Structure formats: C-alpha cells, structure tokens
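Notes to accompany the following structure.
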Amino acid sequence: MSSSYEKTVLHYINGEFVPSASGETFTNINPFTNEAINPVAEGTKTEIDSAVKSAKEAFKTGTWGKMKLSDRLKHIHRIADLIDRDIEQVAHLESLDTGLPISQTKKMVARAADNFRFYAEMVKNRMVGEAYHVDDEFINYTIQKPVGVAGLITPWNAPFMLETWKVAPALATGNTVVLKPAEWSPLTANKLGEIIHEAGLPEGVFNIVHGFGETAGAALVAHQDVQLISFTGETKTGSEIMRNGADSLKRFSMELGGKSPIIVFDDCDVERALDACVWGIFSFNGERCTANSRLFVQESISETFISALKKRVLNIIVGDPSHADTEVGPLIHKDHYENVKRYLKIAEDEGSEIFAAEVPKHLSKGNFIPPTLLLKVKNDMTVAQEEIFGPVLTVMTFQTEEEVVEMANDVKYGLAGYVWTNDMKKGHRVAGAVDAGMLWVNSQNVRDLRIPFGGSKSSGIGREGGHYAFEFYTEMKVVHVAVGDHHIQQFGKKNIAASANTNA
Ligand code: NAD
C-alpha cells in the first residue's frame, strides 16, 4: 500500500479548513510500512477555544438547533448520502491510517452512513415527551431541547464508525459539535469534515480539532462553554477526563475498555461457537472494545475445541490491509505494538504457553502481531485481567456453570459477554449472571441500532444508541401549566386584611 495521501490534514473550524495558529504539525504514520503518510495540524487550547467559540455562536444564534426540523434532518440525510457516495474512498483511507483490513473497513463505513439515517428517523419519530393531566388542575409535559456545545473525543480503533456514532445523534438533536479525533487516525475524521462541509451545514455547527489528548483533548474537557463530553477510549483516560471536567460540571458519557468473556458450554453448536470465537477476537486486528478476549471452554470439550482453534489460528490470513482477502493487518502504531509485545512477555513470565502463527518475512516493516493463543492461563494472571487490545486470546477451562460465572465476573471490566449453549434456560441464566452491559447468546457481536450500547463496572458510564442517546444529548425540560384555579398560599395577606379591618 503506498503512502500517497500527502497533503496536510487541517482543523475544520467555523466552516473552514485551517492550520494551527502556531503552524505546528505532527506526523501521521502508516502502520503497514511505518512510513509517514502526511502532516497533521497540531491543535492546542488556542484551536479548541476558537472551535468552541464558533460552536457556541452557532448554537446561540439558533442556525441549527432552531432550524425547522425537516430542514435540519435533510442535512443529516445528505451527510449519509455523501458517505455512501464516497464509501470506497473512506474505507481505503481508514485501512491506510489504521491497518484494519479493507474488507472490514468497508462494512464499518456502510454502518457509519446508517448512523446518520437512523438518528434522522429517531429524532423525527421517537424523540417524544410525556404529558400528565393532573386532577383537572394542571397539565405537566416534558420537552427535549439540545444541550449546547457537545465535545466528542474518539479513539483510533474504529475511528469513522465511532465518530459518526456520536456526531449523528449530537447533530440530529440540534447540538453543535467540536470533535477531537484520535491522533493516530486523523484521515477519516478529516474526510468526515469534508463531507459535512459539502452537505452545507451552517458555519460553526460542526468543528474538528486535531491534536493530542493531553493538550487539545484536555482543553476541550476543561472548557466552560462545553456542556457535555462523549468519550470513547481507555478506562484510565476516562477517569482523568472526569476529574478534569469536574470544575465545569459537565455531563459525561463514558465508553471504556473491555475484557469480555466468551463462555463455551459442551452442549453448544461447537462449529458455530468456534467461528464466533475466532471472528470475535481476531477481527479488527483484535483492537476491538467488545472483543471476546477471554475464552472459557468447558473441560469436556476443551481438547477438541482448542485443537480446532489452533488450526484456525495457523490459517488466518495476515497481510496487507489493502488486500481484499487479508483477515488480520498490522496494529495501529509502533507504541501499541510494543505494548502488546510487552503483554506477550508478561504471559510468558507468568507461565502461560504462547501459541501463534509466524508473521511472513515480507511483512517485517509493519506492526504485525500474529493471531495468538495464550494457553494454560489462570484467571488471576495479568493477561487474563488487563485489556491487551490486540489479536491475543487467553484460553481457560471450567467444569461447572457456577464456576465459570464466578471466573467471568472476576475482572474489573463489564462491557460485553458471549454465551454458547443449546440449553436455553442455561443461556438466559448465564446471560443474566455475567456482569456486563451487553450479552450475546449463541451469537456473534451483531447489534441493532435501536438497542442501547454501553458497559458496566470499569467499562463505562451511561448508555448511548437507540433512544437512549436522547437522555445524553438533550436537556429534558418539564413545563407545568395550571388549567384551573388551584389553591395558592397567600403569605402576607392575613396582616393586610387585619390592618384593613382595624383601620375601618
Ligand atoms: P485513549 O484513551 O488513549 O484515547 C482516546 C481519545 O482520548 C483520543 O482522542 C485521545 O487523544 C484522547 N485523550 C487522551 N488523553 C486525554 C485527556 N487527558 N483528555 C482528553 N482527551 C484525551 O484510547 P485509545 O487508545 O485511542 O483507544 C483504545 C481504547 O478505547 C481501548 O481501551 C478500547 O477498549 C476503548 N474503546 C471502547 C469502546 C466502547 O464503546 N466501550 C469502543 C472503542 C474503543
């Protein structure tokens, strides 16, 4: 794959693509070759201040939030249409930037267009209030108003999908937006800026500031004029953001890390469980928040299951992310690659057995970690407890349902879980017992957009998705209206009446 995207990626502020005031840039790297792709404007507080100022102005003047709903939603549909038109280009940019295989980025990009169409429909049909008729005296009703300036901070692992997942509900509900994309994957965020520009949204409604978390991201979080922060990223970053946003009392949505179990009982459809297990950990290069990174397989089938798993691992196609048949590509960045390697060393030191394919020699320039199984793992080992975020599966066995539920829950995360059994009573029981925000029974990770998304424990706070996003992206107002002459206390009136009597 060539590094041919050489133009500098600029911020998008107040309807214009602009460099940083300081002229500073950082270099975006191709994970397949570790060569530079392009410079990126490095934003700091200065650019955040001007993006927030333009978003605040656009919100205040009502060019967006008070626009006729049908007109606002036309813009949202137009964004979706433009994503569809440029689907190939977006998918290629995403693969170039992140190392994700092209067959997988194409699917994700299609989903990004759906995010906009879905929220256009939802706002029109499902953003509904409640009304109460109270004893012929009052009517109370609720309305949902946009909150103001939404700060959106996104990670690098599925950038376009996750950005649109936040931008679509934020805009459709009438907020204005400042997006701070991840510094390792600026290309498709930039493309989203180009698309939104072409869709003709009023100036200042949507803004992008590129840059690092500690500078640009932190300035967005601390900004007094930003009313909410929707964050997806690591758990420790989430904690830091909540600390830094405390002084300006923001609302937060936190989509954080995961270490999700897949529980394979001996009475399941083994072949399908195997397909789902392999896809669930090795798709998206294992850089997936909901990856089933901890396998618990029942002892009675563990030998056959693990041997089939090994065969699959040796046959997964590792290669150039731009090739249609590649199944696993390089990890996003050298630093992340080193971190995953560090975990493999820890696994070895902790007594786990590492089973992995060889990375072909011609791929030596890229950040390749081959699909890897960590065998003979115990649940209290570091590699069974911490998020590795690469193509690495820890494999453990269990005997009973009670034992596996306890092991599955003995971890700080609670994002997702997968259960495989043909005993449906057991399936429901275990799904109910695993501490996680989202459970799948006899299913890979497929998600309908109407369903809430989010984790428990250290995996997040709040739910986005479906109509649940309205709780976050809108301010709920209650209007109390008197429709009769209800009793009102008359403080001070008694004395006036008394003195009127005395004077008479
Ligand atoms: P990260 O936390 O390092 O960075 C995420 C974003 O936060 C980036 O844009 C970064 O620049 C910014 N940031 C970093 N420090 C900041 C600070 N102090 N203030 C403000 N912003 C700051 O995460 P990552 O490495 O980009 O992404 C991988 C992580 O994201 C994994 O833990 C993964 O599980 C998680 N993730 C979770 C979900 C989910 O829905 N739960 C989805 C995808 C990824």
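Order of listing sets the numbers, starting from 1, for every ligand and every atom in it. What's counted below: heavy atoms across the whole structure, side chains too, no hydrogens, waters or symmetry copies. Owing to the predicted nature of the structure, the values given are computational and were not obtained by experimental measurement. Index from 1, following the sequence.
Neither the backbone nor the side chain of Lys236 comes within 4.0 Å of ligand 1, counting heavy atoms alone. At a heavy-atom cutoff of 4.0 Å, ligand 1 is contacted by no atom of Ala158, backbone or side chain. At a 4.0 Å heavy-atom cut-off, ligand 1 touches Phe389 through the side chain alone. Residue-level proximity to ligand 1 for Thr237 is carried by the side chain, the only part with a heavy atom below 4.0 angstrom. For Ile241, every heavy-atom contact with ligand 1 shorter than 4.0 Å involves the side chain, none the backbone. Neither the backbone nor the side chain of Thr235 comes within contact range of ligand 1; no heavy atom lies under 4.0 Å.
Electrostatic pairing of Lys378 and Asp380 does not count as a salt bridge here, judged by no charged N lying under 4.0 Å from a carboxylate O.
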### Message
If you apply the rule side-chain contact (heavy atoms from CB on, under 4.5 Å), what do you find for Asp97 with Ile37, and how did you get there?
### Response
CA-CA 8 Å; Asp97 216 7; Ile37 305 177; 3.9 Å; yes
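When the side-chain hydrogen bond (donor to acceptor under 3.5 Å, both in side chains) test is applied to Asn339, the partners found at least two apart in sequence or on another chain are Arg342.
If you number the atoms of ligand 1 from 1 as listed, the ones under 4.0 Å from a heavy atom of Leu415 come out as 41 (N). If you number the atoms of ligand 1 from 1 as listed, the ones under 4.0 Å from a heavy atom of Ala218 come out as 19 (N), 20 (C). Of all atoms in ligand 1, listed by their number and element, those nearer than 4.0 Å to a heavy atom of Glu234 are 1 (P), 2 (O), 3 (O), 23 (O), 25 (O), 29 (C), 30 (O), 32 (O).
At least one heavy atom of Phe453 sits closer than 4.0 Å to an atom of ligand 1. For the ligand labelled ligand 1, residue Pro181 lies inside the 4.0 Å heavy-atom shell.
Cation-pi geometry between Lys56 and Phe59 is not met at under 6.0 angstrom from the ring centre and within 45 degrees of the axis.
With Tyr418 as the fixed residue, the ring-ring contact (aromatic ring centres under 6.0 Å, His included) test singles out one of Trp279, Phe296, Trp440: Trp440.
Within a 6.0 Å sphere centred on CD of Glu338, other residues, nucleotides and ligands contribute more than 12 heavy atoms. The 12-atom threshold is exceeded at NZ of Lys457, counting heavy atoms of other residues, nucleotides or ligands nearer than 6.0 Å.
A side-chain donor-acceptor contact under 3.5 Å links Glu350 and Thr382.
For atom 6 (C) of ligand 1, the closest non-hydrogen atom on the protein side is Thr154 O, 3.4 Å.
Residue nearest to atom 31 (C) of ligand 1, selected from Met254, Glu240, Glu387, Met161: Glu387 (by heavy-atom distance).
At a distance under 4.0 Å, a protein heavy atom can be found next to atom 40 (O) of ligand 1.
Contacts classified as salt bridge (charged side-chain N to carboxylate O under 4.0 Å, His left out) and involving residues 170-186 (residues at least two apart or in different chains) are given here: Lys180-Glu183.
When only interatomic distances are considered, the shortest N/O to N/O separation between Asn157 and ligand 1 does not fall below 3.5 Å.
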